[in-house]
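Bear in mind the structure is a predicted one, so any value in this text is a computation, not a measurement. Order of the sequence lines sets the chain letters (A, B, ...), proteins ahead of strands, with each chain counted from 1.
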Number of protein chains: 2
Amino acid sequence: MDLHLLRLLQNDARTTYRDLAAQVGVAPSTCLDRVTRLRRAGVILGHRLQLDAAKLGRGLQALLSVQVRPHRRELVGPFVERIRALPEARTVFHVTGPDDYLVHVAVADMADLQRLVLDEFTARREVARVETRLIFQQWECGPLLPPGAGTGAGPGGGGHAQS
Amino acid sequence: MDLHLLRLLQNDARTTYRDLAAQVGVAPSTCLDRVTRLRRAGVILGHRLQLDAAKLGRGLQALLSVQVRPHRRELVGPFVERIRALPEARTVFHVTGPDDYLVHVAVADMADLQRLVLDEFTARREVARVETRLIFQQWECGPLLPPGAGTGAGPGGGGHAQS
DNA sequence: CATGAAAATTTGAGAGC
DNA sequence: GCTCTCAAATTTTCATG
């Protein structure tokens, strides 16, 4: 049942417990219990607003591959914190491969992106290389569920999964 | 004021209008008006749950660079839709550069990742190349705000950090 | 996991600046 | 035009079986 709740909440995190209850087939208070448990268990980390970057004057997004050399803790810790503090930064990934970090940024326009790369990345001594990829379009995908959970309600269509 | 509201809501999208009002310094109904307006204007697209992938049995995340050849509409449209439908996919980026797509995936383990790459990517005729980068760690960054918005609360208002 | 009541919030209408 | 006050509808929350 938790999975059912999570799937519904990922479609719209503002769904009321009443609607949740109606769709899952239990009482609203039960939904509250389950969701509270999921929250306390750390499965639900928080609720984030999904904003239109273009409407906020950040119509250009890009992914920056960054090589940090030497790749030592003393350097990469402050580097990540500095990047995270940038208003343009959306997500920072520490990844395997020749490039150490992948930074998703949202900027106003090309001039803004150029300024960001030159002033905040290549200007730093520990940044050995930056590769910029512009984002044409992006798609958020379906709900994140445990492996094997599938999307259906289960065999027979009327069965209730029990936890 | 809208910016102030957006900043607070990005910290926690579940903040009540009452708390919002207290922190911004206006009446709750005014907050409702502004947020409703932002929602109708399309600035606020929706509310998303932030989940712990590891707690859902998807402790391994990766970024896949994918080359789709030939890069024509008849091929890339279905390709994107197919990838979006994968339970493992989280985000798909269409980007500039030698690699056409960057796909953020969350899987159970290395064997699961191998299966995903072999069965869902390289097995497809239009996929010319896949490059896999594992994600050590990732950080979501601060609120997305218009360029130049800074962090100040503006004249007259006392900036309050949340409790 | 359900019931049912109490507390809090959301929501809309109308007044005032 | 924008914000506030006030009251009703709805939702959240909790004690209990």
Side-chain angles (χ1 to χ4, degrees), chain A residues 1-52 55-57 143 145-146 149 152-163, chain B residues 1-51 55-56 143 145-146 149 152-163:
Chain A
M1 178 196 306
D2 287 341
L3 300 181
H4 198 164
L5 289 173
L6 286 177
R7 198 164 65 243
L8 292 171
L9 282 173
Q10 282 182 88
N11 286 340
D12 178 9
R14 275 167 63 86
T15 311
T16 64
Y17 292 121
R18 183 180 150 279
D19 290 348
L20 241 42
Q23 292 186 63
V24 177
V26 297
S29 61
T30 304
C31 291
L32 171 66
D33 264 5
R34 303 300 275 242
V35 173
T36 303
R37 281 180 81 90
L38 287 169
R39 204 183 307 271
R40 278 218 305 264
V43 177
I44 296 177
L45 296 170
H47 296 241
R48 290 184 73 92
L49 228 50
Q50 198 184 4
L51 299 181
D52 186 329
K55 290 231 168 72
L56 283 170
L145 291 175
H160 293 290
Q162 200 58 266
S163 56
Chain B
M1 180 197 303
D2 287 341
L3 300 181
H4 198 165
L5 289 173
L6 286 176
R7 197 165 64 245
L8 292 170
L9 282 172
Q10 281 182 88
N11 285 341
D12 178 8
R14 275 170 66 83
T15 310
T16 64
Y17 292 121
R18 182 183 150 279
D19 290 347
L20 241 42
Q23 292 186 59
V24 177
V26 296
S29 61
T30 304
C31 291
L32 171 66
D33 263 5
R34 302 300 276 243
V35 173
T36 302
R37 180 172 296 180
L38 286 169
R39 204 182 308 271
R40 278 216 306 264
V43 177
I44 296 175
L45 295 170
H47 296 241
R48 291 183 73 90
L49 229 50
Q50 199 184 2
L51 299 181
K55 290 232 168 72
L56 283 169
L145 291 175
H160 293 292
Q162 73 176 21
S163 52

Rounded distance (Å) that lies between atom [atom2] of [N] and atom [atom1] of [X]:
{"X": "B:Met1", "N": "D:dT3", "atom1": "CE", "atom2": "C1'", "answer": "8 Å"}
{"X": "A:Leu20", "N": "D:dT12", "atom1": "CG", "atom2": "P", "answer": "9 Å"}
{"X": "A:Leu9", "N": "D:dT12", "atom1": "CG", "atom2": "C1'", "answer": "14 Å"}
{"X": "A:Leu32", "N": "C:dA7", "atom1": "CG", "atom2": "P", "answer": "17 Å"}
{"X": "A:Arg37", "N": "D:dT13", "atom1": "CZ", "atom2": "P", "answer": "17 Å"}
{"X": "B:Tyr17", "N": "D:dT5", "atom1": "OH", "atom2": "P", "answer": "19 Å"}
{"X": "A:Arg14", "N": "D:dT10", "atom1": "CZ", "atom2": "P", "answer": "16 Å"}
{"X": "B:His47", "N": "C:dT10", "atom1": "NE2", "atom2": "C1'", "answer": "13 Å"}

Are any of the side-chain heavy atoms of A:Leu8 and A:Thr15 separated by less than 4.5 Å?
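A side-chain contact under 4.5 Å is absent here.
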
Evaluate the side-chain proximity of A:Leu32 to A:Leu20: yes if any heavy-atom separation is below 4.5 Å, no if none is.
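SC-SC contact between A:Leu20 and A:Leu32 ruled out.
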
Contact summary for A:Leu56 and A:Leu51, nearest pair of heavy atoms:
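Closest heavy-atom pair between A:Leu56 and A:Leu51: CD1-CD1, 3.8 Å.
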
Does any donor atom in the side chain of B:His4 or B:Arg34 lie under 3.5 Å from an acceptor atom in the other side chain?
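The answer is no; no qualifying pair exists.
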
Would you mind telling me which of [options] lies closest to the side-chain atoms of [X]?
{"X": "B:Arg34", "options": "D:dT11, C:dT10, D:dC2", "result": "D:dC2"}
{"X": "A:Ala27", "options": "C:dT10, D:dT13, C:dT3", "result": "C:dT3"}
{"X": "B:Arg18", "options": "C:dT10, C:dT9, D:dT11", "result": "C:dT9"}
{"X": "A:Val26", "options": "C:dT10, C:dA2, D:dC4", "result": "C:dA2"}
{"X": "B:Ser29", "options": "D:dT11, D:dT3, D:dT5", "result": "D:dT5"}

Answer with base, sugar-phosphate or nothing: what part of the nucleic acid does B:Asp33 contact at a heavy-atom distance below 4.0 Å?
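Since a base atom lies under 4.0 Å of B:Asp33, the category is base.
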
Decide yes or no on side chain to side chain contact (heavy atoms under 4.5 Å, CB included) for A:Gln23 and A:Arg7, but give the supporting numbers first.
CA-CA 11 Å; A:Gln23 292 186 63; A:Arg7 198 164 65 243; over 6 Å; no

